[in-house]
There are 2 protein chains.
Amino acid sequence: MKTYSISEVAKKLNLTVYTLRYYDKEGLLPFVERNPNGTRLFKESDIDALKIIECLKSTGMPIKGIKTFIDWCSDGDDTLQQRYDMFMERKADVEAQMEELKKTMAVIEHKCLYYKTALEAGTEEIHKSNKISMTQ
Amino acid sequence: MKTYSISEVAKKLNLTVYTLRYYDKEGLLPFVERNPNGTRLFKESDIDALKIIECLKSTGMPIKGIKTFIDWCSDGDDTLQQRYDMFMERKADVEAQMEELKKTMAVIEHKCLYYKTALEAGTEEIHKSNKISMTQ
DNA sequence: TCAAATCATAGAGCTAACTCGAAGTCTAGT
DNA sequence: ACTAGACTTCGAGTTAGCTCTATGATTTGA
């Protein structure tokens, strides 16, 4: 079965070898096997697992929370409910983040317009008729 | 003109007084005035500025980047172009974040379904017929 | 055979963004 | 007059997530 070295995996996933070793140290990669002299041999499925780890990370989940999930995976079917609940919670969290980003975007776009107008007028004064500077 | 104490502002914006003092220390609040004995007096417009700061923060902008913007604001019309460019960049960044979140969401939803099915079957084996464990 | 590359571990160092403790000032109420 | 509470500064401490250095083993190509 084909395996990959730590630097190959790092390149594939756009991470550093330091980060991968750090993940391992934190208990995120208990499934990665070693050859007799200790070198890590990443299987295709390990890379898939790392993609899930990256996905969870991108939801803002801390390393410790991801470790809990990895531990549940090792524990087998007894933890299916916990894992389901965890993903449902992630889903709700990401939905909330999307809502937040939309609000942020509305403010940013307003500012883009504000500065476009100011830039065309050559001065911010154009907005200061009855309101205040940075707040528009 | 009505002003607010640091703890009132903290409450209003759901920040701590520590955070507000930290922002000030980092140069994010040069516009906040003081009374003769040194106590900060926040104006309504200062609170609006803080909202913009929070908005920039929620785009993932670091404190130092926000400080640069605040400095530009103090510099006046000469920096309108920079400020416009900065908000356009923030806009592009937030758009990219939204795309990323969508991809993340797709994976998370897939996992929700995966675990829903496994849970109903009472075992993860249901998914292992021709594929591998955590990767589905 | 030897130098370069890649792997390993342990543990130190770094950065961002807070978070807090110490010590002191000021104001308001009893 | 005195205590409580809110304000100040300075600087130390905390946490997360890397990031790197030192040291050593192993492999690989000239």
Side-chain angles (χ1 to χ4, degrees), chain A residues 2-43 46-47 50-70 90 93 97 100 104, chain B residues 2-43 46-47 50-70 90 93 97 100 104:
Chain A
K2 174 145 179 45
T3 61
Y4 302 86
S5 73
I6 194 164
S7 57
E8 286 171 325
V9 175
K11 191 164 289 175
K12 248 182 198 289
L13 298 181
N14 211 25
L15 297 168
T16 68
V17 294
Y18 301 131
T19 303
L20 285 170
R21 291 201 191 105
Y22 166 70
Y23 285 177
D24 199 3
K25 190 152 47 175
E26 292 300 308
L28 263 43
L29 311 175
F31 42 77
V32 175
E33 290 172 11
R34 310 282 189 119
N35 74 12
N37 61 60
T39 300
R40 274 168 275 246
L41 303 173
F42 289 80
K43 299 179 294 297
D46 296 344
I47 293 172
L50 268 163
K51 284 178 187 164
I52 296 299
I53 288 171
E54 288 307 288
C55 170
L56 288 173
K57 226 183 22 153
S58 72
T59 71
M61 196 173 197
I63 300 291
K64 279 182 187 168
I66 299 175
K67 172 162 167 44
T68 301
F69 167 68
I70 297 292
R90 285 298 89 206
D93 195 299
Q97 287 181 47
E100 266 307 296
T104 297
Chain B
K2 175 145 179 45
T3 62
Y4 302 86
S5 73
I6 194 165
S7 56
E8 285 171 326
V9 175
K11 191 164 290 177
K12 248 182 198 289
L13 298 181
N14 211 24
L15 296 168
T16 68
V17 294
Y18 301 129
T19 303
L20 286 170
R21 291 203 190 103
Y22 167 69
Y23 286 177
D24 199 2
K25 188 152 48 175
E26 292 301 309
L28 262 45
L29 311 175
F31 41 77
V32 174
E33 290 173 10
R34 310 282 188 119
N35 74 13
N37 61 59
T39 300
R40 273 168 276 246
L41 303 173
F42 289 80
K43 299 180 293 298
D46 296 344
I47 293 172
L50 267 163
K51 283 178 187 164
I52 296 298
I53 289 171
E54 287 308 288
C55 171
L56 288 173
K57 225 181 26 150
S58 72
T59 71
M61 196 174 199
I63 300 291
K64 279 183 186 166
I66 300 175
K67 173 164 167 41
T68 302
F69 167 67
I70 297 291
R90 284 299 86 206
D93 195 298
Q97 286 180 46
E100 267 306 296
T104 297

note: D24(A), atom CG; dT19(D), atom P; distance rounded to Å ~ 17 Å
May I ask you to check whether over 12 heavy atoms, not counting those of N35(A), lie within 6.0 Å of atom CG? yes
Is it true that D24(A) and R21(A) have a side-chain N and a carboxylate O under 4.0 angstrom from each other? no
Out of dA8(C), dC18(C), dA6(D), which has the shortest distance to the side chain of I6(A)? dA8(C)
Whole Å only: how far is the CG atom of L41(A) from the C1' atom of dA8(C)? 13 Å
Assign each of K25(B) and S5(B) to its nearest nucleotide of DNA chain D by heavy atoms, then name whichever residue's nucleotide is nearer the 5' end. S5(B)
Separation of L29(A) atom CG from dG17(D) atom C1', in whole Å? 15 Å
Out of dA6(D), dT6(C), dC18(D), which nucleotide sits closest to the side chain of S7(B)? dA6(D)
Closest heavy-atom contact between E8(A) and T3(A)? OE1-O, 4.2 Å
Using a strict 4.0 Å threshold on nitrogen-to-oxygen distance, state whether E54(B) and K57(B) make a salt bridge. yes
R21(B) CZ to dC10(D) C1': how many Å, rounded? 12 Å
Which nucleotide, dC18(D), dC20(C), dT26(D), lies nearest any side-chain atom of Y18(B)? dC20(C)
If I take atom NZ in residue K64(A) and atom P in nucleotide dG17(D), what distance separates them, rounded to the nearest angstrom? 9 Å
From dT9(C), dA17(C), dC18(D), pick the nucleotide closest to the side chain of R34(A)? dT9(C)
Among dA16(D), dC18(D), dC18(C), the one nearest K57(B) by side-chain distance: dC18(C)
To the nearest Å, how far apart are K11(A) NZ and dA5(C) C1'? 13 Å
Between dG17(D) atom C1' and I53(A) atom CD1, what is the distance in whole Å? 14 Å
Is there a side-chain contact between I53(A) and I66(A), using heavy atoms and a 4.5 Å cut-off? yes
So, is N35(B) close to the dT8(D) phosphate, meaning a side-chain N or O under 4.0 Å from OP1 or OP2? no
Side-chain N or O of R40(B) closer than 4.0 Å to phosphate OP1/OP2 of dT9(D): yes
Between dG5(D) atom C1' and E8(B) atom CD, what is the distance in whole Å? 14 Å
Please determine if a side-chain N or O atom of Y22(B) lies less than 4.0 Å away from the OP1 or OP2 oxygen of dC20(C). no
K67(B) side chain near dA17(C) phosphate (N/O to OP1/OP2, under 4.0 Å): no
